[in-house]
Q: 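Have a look at this one.
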Amino acid sequence: MTSLHSSERLGSYVKRAEQALQTAKNAALKPAGVTVPQYSALLFLGENPGISAAALARLCGVTPPTMNTVLTNLQDRGLIERTPHAWHKNILETRLTEAGAAVMKDADARAVRVERAVAAGFTDAERATLQELLARCADLFDSVRPETATAPKK
């Protein structure tokens, strides 16, 4: 027997919600021809033209090697272009192409439908509270380190 029952583990609920979101968005994005990680990259590139792969990885919550794979796939499809930075030749600036902007627009409309369908299940006050609680939860998970976590009580 463990010291904390699974029904008391916040991480289980967060993970379940995250997996349900990924499943719903993957299904919604499939007709647009992109995965959730590709959509995230396109979305943030649309908002941050010229961003580096490392900065984009941070925004998307993935590792730089993962982002490079995503960007290579998008570049191979002609959805993005990568050019050397004007001053920092080792940094590639990444931008959407016209085709990439069109795919992002289609994918975003599909992703927004998922977000709105879920949001409709909550009142305005509940949505605001949920957003606040999830942000606090993420901050708290970010702040927990093995050396600072409290030991289970015996």
Side-chain angles (χ1 to χ4, degrees), residues 9-146 148-149:
R9 295 174 188 241
L10 289 179
S12 296
Y13 293 99
V14 171
K15 184 64 174 175
R16 181 175 167 217
E18 190 266 341
Q19 286 176 321
L21 173 64
Q22 294 299 317
T23 299
K25 280 195 175 175
N26 270 321
L29 293 171
K30 190 171 185 176
V34 293
T35 64
V36 172
Q38 290 171 338
Y39 162 69
S40 294
L42 293 174
L43 179 68
F44 284 116
L45 282 169
E47 294 175 351
N48 303 280
I51 193 170
S52 70
L56 187 58
R58 284 189 292 277
L59 284 173
C60 292
V62 299
T63 64
T66 297
M67 182 51 62
N68 278 326
T69 300
V70 169
L71 292 177
T72 297
N73 290 334
L74 293 173
Q75 188 173 19
D76 289 349
R77 293 179 53 201
L79 302 180
I80 63 165
E81 60 184 8
R82 301 176 82 189
T83 56
H85 187 276
W87 303 305
H88 305 287
K89 298 298 180 192
N90 292 334
I91 295 176
L92 293 176
E93 294 182 324
T94 308
R95 291 182 171 73
L96 296 177
T97 61
E98 281 188 42
V103 168
M104 195 281 294
K105 184 177 178 181
D106 177 36
D108 192 48
R110 294 169 186 281
V112 165
R113 283 194 290 272
V114 170
E115 296 277 353
R116 286 190 174 144
V118 172
F122 298 95
T123 66
D124 290 345
E126 287 172 331
R127 273 193 308 279
T129 299
L130 180 60
Q131 288 172 326
E132 179 185 320
L133 292 173
L134 287 171
R136 188 179 343 154
C137 189
D139 290 343
L140 290 167
F141 278 127
D142 283 343
S143 70
V144 174
R145 300 289 178 255
T148 62

Q: Under the criterion side chain to side chain contact (heavy atoms under 4.5 Å, CB included), I'd like the reasoning laid out for I80 against L42: C-alpha separation, chi angles, the key distance, then a yes or no.
A: CA-CA 8 Å; I80 63 165; L42 293 174; 4.1 Å; yes
Q: Judged by atom type as modelled, is there a donor-acceptor pair below 3.5 Å linking the side chain of T97 to the main-chain atoms of G78?
A: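 Answer holds: yes.
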Q: Got a donor-acceptor contact below 3.5 angstrom from the D108 side chain to the M104 backbone?
A: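 Between the backbone of M104 and the side chain of D108 there is no qualifying donor-acceptor contact (under 3.5 Å).
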Q: How long is the gap from SG on C137 to CG on L130, to the nearest 0.5 Å?
A: 10.5 Å
Q: Please report the shortest heavy-atom distance between L56 and F44, naming the atom on each side.
A: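 Of all heavy-atom pairs spanning L56 and F44, the closest is CD1-CB, 3.5 Å.
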Q: Within this structure, what is the CG-CE distance for the pair L74 and M67, rounded to the nearest 0.5 Å?
A: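 Atom-to-atom, L74:CG and M67:CE are 8.5 Å apart.
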Q: What are the two closest non-hydrogen atoms of L29 and A107, and how far apart are they?
A: CD2-O, 3.3 Å
Q: Minimum heavy-atom separation for G33 and R77, please, with both atom names.
A: O-NH1, 2.8 Å
Q: Go through it in stages, so that I can follow the logic: the residues are R95 and T83, the test is side chain to side chain contact (heavy atoms under 4.5 Å, CB included), and I'd like the CA-CA distance, side-chain angles, deciding distance and then a yes or no.
A: CA-CA 9 Å; R95 291 182 171 73; T83 56; 4.2 Å; yes
Q: Any heavy-atom pair between the side chains of Q75 and L71 that's under 4.5 Å?
A: no
Q: Please round to the nearest 0.5 Å and tell me the distance separating atom CD of E18 and atom OG1 of T23.
A: 9.0 Å
Q: Please report the interatomic distance CG(L92) to CD(E81), rounded to the nearest 0.5 Å.
A: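 Separation between the atoms: 11.5 Å.
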Q: Measure across V70 and A41 and return the closest heavy-atom pair with its distance rounded to 0.1 Å.
A: CG1-CB, 4.0 Å
Q: Among T63, V62, N68, exactly one meets side-chain contact (heavy atoms from CB on, under 4.5 Å) together with P65. Which residue is that?
A: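 For P65, the side-chain contact (heavy atoms from CB on, under 4.5 Å) check succeeds only for T63.
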Q: Tell me which pairs pass salt bridge (Lys or Arg N to Asp or Glu O under 4.0 Å) where either residue lies in residues 21-33, with sequence neighbours left out.
A: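 Listed once each, the pairs are K25-E115.
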Q: Between V118 and L21, is any pair of side-chain heavy atoms under 4.5 Å apart?
A: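 Side chain of V118 against side chain of L21, heavy atoms only: no contact under 4.5 Å found.
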Q: Looking only at non-hydrogen atoms, find the nearest pair between L96 and G46 and report the distance.
A: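 Minimum heavy-atom contact is CD1-CA, 3.7 Å.
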Q: Which atoms form the tightest heavy-atom contact between P31 and A28, and what is the distance?
A: CD-O, 3.3 Å
Q: When rounded to the nearest 0.5 angstrom, what is the spacing between CZ in F122 and CD in Q131?
A: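 The distance works out to 10.0 Å.
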Q: With a cut-off of 6.0 Å (strictly less than), are more than 12 heavy atoms of other residues, nucleotides or ligands near CD of E47?
A: yes
Q: Restricting to side-chain hydrogen bond (donor to acceptor under 3.5 Å, both in side chains), what partner residues turn up for D124, sequence neighbours left out?
A: R127
Q: CZ/R82 to OG1/T72 distance, rounded to the nearest 0.5 angstrom?
A: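 Here the interatomic distance stands at 6.0 Å.
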Q: Going by the rule salt bridge (charged side-chain N to carboxylate O under 4.0 Å, His left out), which residues pair with K105 if we only count those two or more places apart in sequence or in a different chain?
A: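 Partners of K105 under the salt bridge (charged side-chain N to carboxylate O under 4.0 Å, His left out) test: none.
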